[in-house]
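Remarks on the structure that follows.
This one's a predicted model, so the numbers in the text were calculated from it and none came from an experiment.
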Amino acid sequence: MNGATDAANNSHGLPLLASHMIELADGSGLSVDTIRESGVFSEGDVTKLAVLLNRKSWPRSYGAAMVFPYRDESGAVVLHRVKPERPPLDRRTGKPRKYLQPSGVPTRLYVPPRAFGAFDDPAARLLITEGEKKALAATQAGFHCVGLCGVDCWHARKQLTLSADLARIAWNERQVYVAFDSDAAENENVARNERELAAVLQSHGAKVKIVRIPPSADGGKQGIDDFLVAHGAAAFQTLLEVADDPTAPEAGEFKGAAGDADPAIEAEHILAAGRLGELTRLRFWRGSWWWWSMGRYGEKPP
């Protein structure tokens with residue numbers, strides 16, 4: 001599909017500016033059906049944009065925006081994330097804030113409509129990436145995929161346990177692929193979140209692999225959507241087949257200030273790590289404690 005021509009003629013019938021349609025269709029390879037299912041739309045009304053972000057105003061200097069609705073399994077919209085045409089600069093880093101999150105609400109997991117069906121089926125492999133367009137492109141290509149708002153958005157602030165959205169997925173024995181952008185190996189923040197997320201998923205029983213997406217032909221950064229546009233689904237399947245085992249977290253990496261810990265959340269994490277299907281890894285039998293390891297229960301010393 002030629003996104004520019006389609007958008008100019010408005011034959012798709014979608015509430016999108018031509019530039020946004022080109023970005024989704026030509027840039028990320030999304031079909032009209034996928035875009036329609038996602039509900040993404042363009043918005044230029046500054047009052048409506050401010051309301052979507054729970055803010056008093058939307059600066060006209062930001063321009064219009066592409067809006068991604070986040071939905072739950074019932075189809076209800078739980079929040080909107082907004083991509084302004086002229087994004088503001090982050091005060092800390094000086095880099096553009098490409099996407100804006102509503103004020104005063106926790107981040108949520110982006111789930112393409114077609115991916116929800118995999119949540120309760122551990123036999124269905126699941127990909128985790130960063131960003132809405134990448135999750136949509138992968139799911140469209142036949143790979144169930146969810147998108148994080150950022151590489152560190154798999155957990156709540158000051159906690160290293162899965163977010164509520166991720167925690168409700170059945171992970172035990174599920175094949176999971178973490179597929180961040182091609183700079184994951186060189187960017188320490190990305191690499192750290194990659195190995196920590198993998199370790200926590202493994203503690204829930206998941207079988208985790210790390211997908212290494214190569215840079216683009218000109219050496220630039222590349223995500224799942226870029227790779228699929230350039231090489232297709234069969235080539236991406238090959239990347240999954242040669243995916244790496246995750247790197248173990250560094251010593252002390254999961255240590256945090258005790259005052260920051262929520263006892264209820266930490267207790268739930270401990271209980272989850274000790275589950276073995278309907279049973280528990282630690283069991284008391286005939287006067288002693290036994291722990292499940294390497295396919296069997298072994299007696300533990302007192």
Side-chain angles (χ1 to χ4, degrees), residues 1-72 75-90 95-103 105 107-115 129-141 145-151 153 180-181 220-229:
M1 176 183 61
N2 185 308
T5 301
D6 198 41
N9 295 335
N10 198 31
S11 61
H12 48 72
L14 299 173
L16 285 166
L17 295 173
S19 59
H20 293 162
M21 188 65 191
I22 292 170
E23 180 178 339
L24 295 170
D26 295 353
S28 294
L30 302 183
S31 69
V32 168
D33 286 343
T34 294
I35 298 170
R36 182 176 290 111
E37 288 173 9
S38 74
V40 62
F41 62 94
S42 300
E43 183 57 73
D45 186 306
V46 295
T47 301
K48 291 180 179 178
L49 286 167
V51 170
L52 289 176
L53 293 178
N54 294 335
R55 300 182 183 185
K56 294 181 179 179
S57 64
W58 172 271
R60 294 187 181 275
S61 60
Y62 292 1
M66 184 156 47
V67 182
F68 290 87
Y70 276 52
R71 302 178 186 274
D72 61 18
V77 175
V78 295
L79 63 77
H80 295 87
R81 211 158 75 107
V82 174
K83 186 176 188 287
E85 289 182 333
R86 295 182 291 276
L89 298 181
D90 188 289
K95 296 179 179 179
R97 296 177 60 196
K98 295 182 179 180
Y99 291 82
L100 301 180
Q101 166 84 13
S103 302
V105 299
T107 58
R108 300 294 299 263
L109 182 69
Y110 183 75
V111 186
R114 302 179 202 176
T129 190
E130 179 190 5
E132 299 87 352
K133 293 185 293 182
K134 298 165 193 173
L136 286 168
T139 300
Q140 173 183 275
C145 185
V146 295
L148 305 174
C149 292
V151 294
C153 290
F180 292 151
D181 290 350
K221 186 169 76 168
Q222 192 166 221
I224 290 180
D225 54 345
D226 305 311
F227 185 89
L228 286 169
V229 168

Worksheet, complete the sentence: Rounded to the nearest 0.5 Å, the SG atom of Cys149 sits from the CG atom of Leu109 at a distance of 8.0 Å
Item to complete: Could you point out which residue of Arg108, Glu132, His80 forms a side chain to side chain donor-acceptor pair (under 3.5 Å) with Tyr70?
Response: Glu132
Discussion item. Pair Lys133, Phe68 - check side chain to side chain contact (heavy atoms under 4.5 Å, CB included), show working.
Written reply: CA-CA 9 Å; Lys133 293 185 293 182; Phe68 290 87; 3.9 Å; yes
Practice prompt. Please round to the nearest 0.5 Å and tell me the distance separating atom CG of Leu24 and atom CG of Leu14.
Written response: 9.0 Å
Worksheet entry | Salt bridge flag under 4.0 Å for residues Glu23 and Lys83 | yes
Discussion item. Working note: Leu136 + Val40, criterion side chain to side chain contact (heavy atoms under 4.5 Å, CB included); need CA distance, chi angles, decisive distance, verdict.
Written reply: CA-CA 11 Å; Leu136 286 168; Val40 62; 5.9 Å; no
Response to the item:
Minimal heavy-atom distance between Ala64 and Gly44, with the atoms involved, is CB-CA, 4.0 Å
Response to the item:
Tightest non-hydrogen contact, residues Leu53 and Trp58, listed as CD1-CZ3, 3.5 Å
Practice prompt. Apply the test side chain to side chain contact (heavy atoms under 4.5 Å, CB included) to residues Cys153 and Tyr110: give CA-CA distance (whole Å), side-chain angles for both, the deciding distance (0.1 Å), then the verdict.
Written response: CA-CA 11 Å; Cys153 290; Tyr110 183 75; over 6 Å; no
Worksheet item: When rounded to the nearest 0.5 angstrom, what is the spacing between NE2 in His20 and CD1 in Ile35?
Response: 12.0 Å
Discussion item. Can you tell whether the side chains of Lys134 and Asp226 come within less than 4.0 Å, N to carboxylate O?
Written reply: no
Response to the item:
Correct closest heavy-atom pair for Glu130 and Gly150 would be OE2-CA, 3.5 Å
Item to complete: Answer yes or no for Arg81 and Tyr99: cation-pi contact, defined as NZ/CZ to six-membered ring centre under 6.0 Å and angle to ring axis within 45°.
Response: yes
Worksheet entry | Gln140 side-chain N/O to Gly29 backbone N/O, donor-acceptor pair under 3.5 Å | yes
Item to complete: Taking all heavy atoms of Pro112 and all of Ala135, pick out the closest pair and write down the distance.
Response: CG-O, 3.6 Å
Worksheet item: Counting distance only, does the side-chain N/O of Ser42 pair as donor-acceptor with the main-chain N or O of Met66 below 3.5 Å?
Response: no
Worksheet item: Looking at OG of Ser31 and CZ of Arg36, how far apart are the two atoms once the value is rounded to the nearest 0.5 Å?
Response: 9.0 Å
Practice prompt. Given side chain to side chain contact (heavy atoms under 4.5 Å, CB included), test Arg60 with Val46 step by step and report yes or no.
Written response: CA-CA 7 Å; Arg60 294 187 181 275; Val46 295; 4.0 Å; yes
Worksheet entry | Pair Asp225-Ser28, side-chain donor/acceptor within less than 3.5 Å | yes
Worksheet item: Ignoring hydrogens and geometry, is there a side-chain-to-backbone donor-acceptor pair from Thr34 to Leu30 under 3.5 Å?
Response: no
Worksheet item: Hey, does the side chain of Asn54 reach the backbone of Pro102 with a donor-acceptor pair shorter than 3.5 angstrom?
Response: no
